[in-house]
**Q** 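What follows is a single structure, and I will ask about it in a moment.
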Amino acid sequence: MKDKLLSLQQEALDTLHQSTSLSELNDLRIKYLGKKGPITEVLRGMGSLSAEERPIIGQVANEVRAAISEAIQQKQEKLEKEETDRKLQVEKIDVTLPGRPSEKGSIHPLTKIIQEMEDIFLGMGFQVAEGPEVETDYYNFEALNIHKNHPARDMQDTFYITDDLLLRTHTSSVQIRTMQNMKGEVPVKIICPGRVYRRDDDDATHSHMFTQIEGLVIDKHIRMSDLKGTLLQFVKEMFGNDTEIRLRPSFFPFTEPSAEVDVSCTVCKGKGCRVCKQTGWIEILGSGMVHPKVLEMSGYDPKEYSGFAFGTGVERIAMLKYGIEDIRHFFTNDLRFLKQFAHI
Ligand code: DAH
């Protein structure tokens, strides 16, 4: 029996020697040391041994079991270490490799111009107001003295949602909302940036959606010269100190008198070039003294208060400032275009 045990030990150690994986090792452990294994079997048969033999065989059996168990343990540690080394090798990260550069976003040129304009007007004591893009006929037209039969209301110009609801065609609607909110208080001194919509066919200078900034000032004794001074300050900060403006008489239903404002050409400085069509001037906005009817409809007595208003296209300002020749660039989101403004 002793010989049998010793040869079992030898056999177990030989197989162990050849095993190359942890799962083989586990099979081996079950095979030799498990409940149904040969050593357990020997120990179970001890009852048939004589009293002298029993302790000797018992001791040998225990030694054999200990030897196999020890050998399996050692082999397991060895295999585990090999496995760890292999993983370390395979999954090694070279921390000295340069990383993949990630794309950095930048602020959209229109947003930049809006922020710049906001800064300029905040510096002159204006506040920023907002209003909805889906607007009622009243705020977009009626309260701005644009009557029912005015051509601007035509289906060809305006995106209607219902008879009474539409996409605002200009930010002038926010003038009315602001006056209503202020409930007759002065001073009113706001600018309002926002998107506006018109049923235009898109081309290099037209877009069915674009951005405007509206301005409105109401107080006692506001005069045309306040309008001119404010706008002159604005263009000097926006286009440079040597920029001039000129006011041309015009017509808007919500202002009287009305004026269109030109800046001296940002390219040729007024000498005449292709951009200003040799005139030296480029139109940038509409403006005027708020019409008495408009003041009255929104709760300001035109005998006591007066005001000026203006509205300008942000894309147009950006195109002039950066020499962009097609308005569609702002909306097609070509990164090659947008990236050029990352560092401005
Ligand atoms: N709302 C006009 C437009 O979209 C622009 C404008 C002209 C706004 C004169 C004004 C203004 O506030 O006084 O064409």
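Below, each value reflects all heavy atoms present in this structure, side chains not excepted, and no hydrogens, waters or symmetry copies. None of the values given here were measured: they were computed from a predicted structure.
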**Q** Could you walk me through whether Phe210 and Val196 pass side chain to side chain contact (heavy atoms under 4.5 Å, CB included), step by step?
**A** CA-CA 6 Å; Phe210 60 102; Val196 301; 3.5 Å; yes

**Q** Check Glu142 with Arg153, please: is the shortest side-chain N to carboxylate O separation under 4.0 Å?
**A** yes

**Q** Assess whether atom CZ of Arg246 is packed by more than 12 heavy atoms of other residues, nucleotides or ligands within 6.0 Å.
**A** yes

**Q** Only one of Glu77, Gln76, Glu70 passes side-chain hydrogen bond (donor to acceptor under 3.5 Å, both in side chains) with Gln74; say which it is.
**A** Glu70

**Q** Is it true that a side-chain atom of Thr84 and a backbone atom of Glu80 form a donor plus acceptor pair closer than 3.5 Å?
**A** yes

**Q** If you count the non-hydrogen atoms of other residues, nucleotides and ligands that lie under 6.0 Å from CD in Glu130, is the total more than 12?
**A** no

**Q** Over all heavy atoms of both residues, which pair between Leu227 and Phe310 is shortest? Give the atoms and the distance, please.
**A** CD1-CD2, 4.4 Å

**Q** Atom CD of residue position Glu103 - does it have more than 12 heavy atoms of other residues, nucleotides or ligands inside 6.0 Å?
**A** no

**Q** Please check: side-chain N/O of Asn140 versus main-chain N/O of Ser173, any donor-acceptor pairing under 3.5 Å?
**A** no

**Q** Are the charged groups of Lys75 and Glu24 less than 4.0 angstrom apart, N to O?
**A** no

**Q** Going from CG on Asn149 to CG on Asp154, what distance comes out if it is rounded to the nearest 0.5 angstrom?
**A** 11.0 Å

**Q** Atom NZ of Lys293 and atom CG of Leu144: how far apart are they, to the nearest 0.5 Å?
**A** 13.0 Å

**Q** Distance alone, cut at 3.5 Å: any donor-acceptor contact between the side chains of Tyr322 and Gln340?
**A** no

**Q** Do the ring planes of Tyr197 and Phe159 sit parallel (below 30°), tilted (30 to 60°) or perpendicular (above 60°)?
**A** perpendicular

**Q** Answer yes or no: is there a side-chain heavy-atom contact under 4.5 Å between Glu214 and Val174?
**A** no

**Q** Verify the distance criterion only: is there a donor paired with an acceptor across the side chains of Arg65 and Asn62 at less than 3.5 Å?
**A** no

**Q** For residues Val64 and Ile39, report the shortest heavy-atom separation together with the two atoms involved.
**A** CG1-CD1, 3.8 Å

**Q** I would like to know whether Lys228 and Ile245 meet side chain to side chain contact (heavy atoms under 4.5 Å, CB included); could you show each step before the answer?
**A** CA-CA 8 Å; Lys228 188 171 181 187; Ile245 58 171; 4.0 Å; yes

**Q** Sort out for me which residue in Arg316, Glu315, Arg195 forms a side-chain hydrogen bond (donor to acceptor under 3.5 Å, both in side chains) with Thr211.
**A** Glu315

**Q** Please say yes or no: joined through hydrophobic side-chain contacts below 4.5 Å, possibly via intermediate residues, are Phe252 and Leu295 part of one cluster?
**A** yes

**Q** Going by an N to O cut-off under 4.0 Å, is there a salt bridge joining Arg198 and Asp200?
**A** no

**Q** Between Glu83 and Arg86, is there a side-chain N and carboxylate O pair less than 4.0 Å apart?
**A** yes

**Q** Provide the closest heavy-atom pair for Pro38 versus Lys31 in the form atom of the first, atom of the second, distance.
**A** CD-O, 3.2 Å

**Q** Establish, from distance only, whether the side-chain atoms of Glu244 and Ser264 form a donor-acceptor pair under 3.5 Å.
**A** no

**Q** Around atom CG of Asp203, are there more than 12 heavy atoms of other residues, nucleotides or ligands at under 6.0 Å?
**A** yes

**Q** Any Lys/Arg nitrogen of Lys112 or Glu116 sitting under 4.0 Å from an Asp/Glu carboxylate oxygen of the other?
**A** no

**Q** Starting from the C-alpha separation in whole Å, work towards a yes-or-no answer on side chain to side chain contact (heavy atoms under 4.5 Å, CB included) for Ile324 and Phe330.
**A** CA-CA 9 Å; Ile324 298 163; Phe330 292 113; 3.7 Å; yes

**Q** Is it the case that the side chain of Thr266 and the backbone of Lys321 share a donor-acceptor pair, with hydrogens and angles ignored and the cut-off at 3.5 Å?
**A** no

**Q** Do you know the tightest heavy-atom contact between Pro151 and Asp157?
**A** O-OD2, 3.1 Å

**Q** How far apart are the closest heavy atoms of Ser207 and Phe331, and which atoms are they?
**A** OG-CE1, 3.6 Å

**Q** Can Asp201 and His206 be said to form a side chain to side chain contact (heavy atoms under 4.5 Å, CB included), step by step?
**A** CA-CA 7 Å; Asp201 288 330; His206 295 84; over 6 Å; no

**Q** To the nearest 0.5 angstrom, please state how far the NE2 atom of His291 sits from the CD1 atom of Ile146.
**A** 11.5 Å

**Q** Quick check with a 6.0 Å cut-off and a 45 degree axis cone: is Arg168 positioned over the face of Tyr139's six-membered ring?
**A** no

**Q** Hey, what do you get for CG (Asp163) to CG (Asp137), rounding to the nearest 0.5 Å?
**A** 9.0 Å

**Q** Could you tell me whether Arg177 and Glu135 make a salt bridge, using a distance below 4.0 angstrom between a side-chain N and a carboxylate O?
**A** yes

**Q** Can any side-chain N or O of Thr158 pair as donor or acceptor with the backbone N or O of Tyr160 at less than 3.5 Å?
**A** no

**Q** What's the shortest heavy-atom distance between Met182 and Pro187, and which atoms?
**A** CE-O, 3.6 Å

**Q** Distance from Ile190 atom CD1 to Gln127 atom CD, nearest 0.5 Å?
**A** 9.5 Å

**Q** Can any side-chain N or O of Gln212 pair as donor or acceptor with the backbone N or O of Gly311 at less than 3.5 Å?
**A** no

**Q** Is a side-chain donor or acceptor of Thr40 paired with a backbone partner of Gly34 at a separation under 3.5 angstrom?
**A** yes

**Q** Between Asp94 and Thr96, do the side chains contain a donor N or O and an acceptor N or O under 3.5 Å apart?
**A** yes

**Q** Could you tell me whether a side-chain N or O of Lys189 sits under 3.5 Å from a main-chain N or O of Met124, the two making a donor and an acceptor?
**A** yes

**Q** For the CZ atom of Arg248 and the CD atom of Glu260, what is their distance to the nearest 0.5 Å?
**A** 5.0 Å

**Q** Do the charged groups of Asp85 and Lys81 touch, with an N to O distance under 4.0 Å?
**A** yes

**Q** Among side-chain atoms of His208 and Asp202, is any donor-acceptor pair under 3.5 angstrom?
**A** yes

**Q** When hydrophobic residues are tied together by side-chain contacts of less than 4.5 Å, even through go-betweens, does Ile30 share a cluster with Tyr32?
**A** no

**Q** Quick check against the 3.5 Å criterion: does Tyr305 have a side-chain atom that pairs as donor or acceptor with the backbone of His221?
**A** no

**Q** Name the orientation class of the two ring planes belonging to His329 and Phe337 (parallel below 30°, tilted from 30 to 60°, perpendicular beyond 60°).
**A** parallel

**Q** Are any of the side-chain heavy atoms of Leu33 and Ser69 separated by less than 4.5 Å?
**A** yes

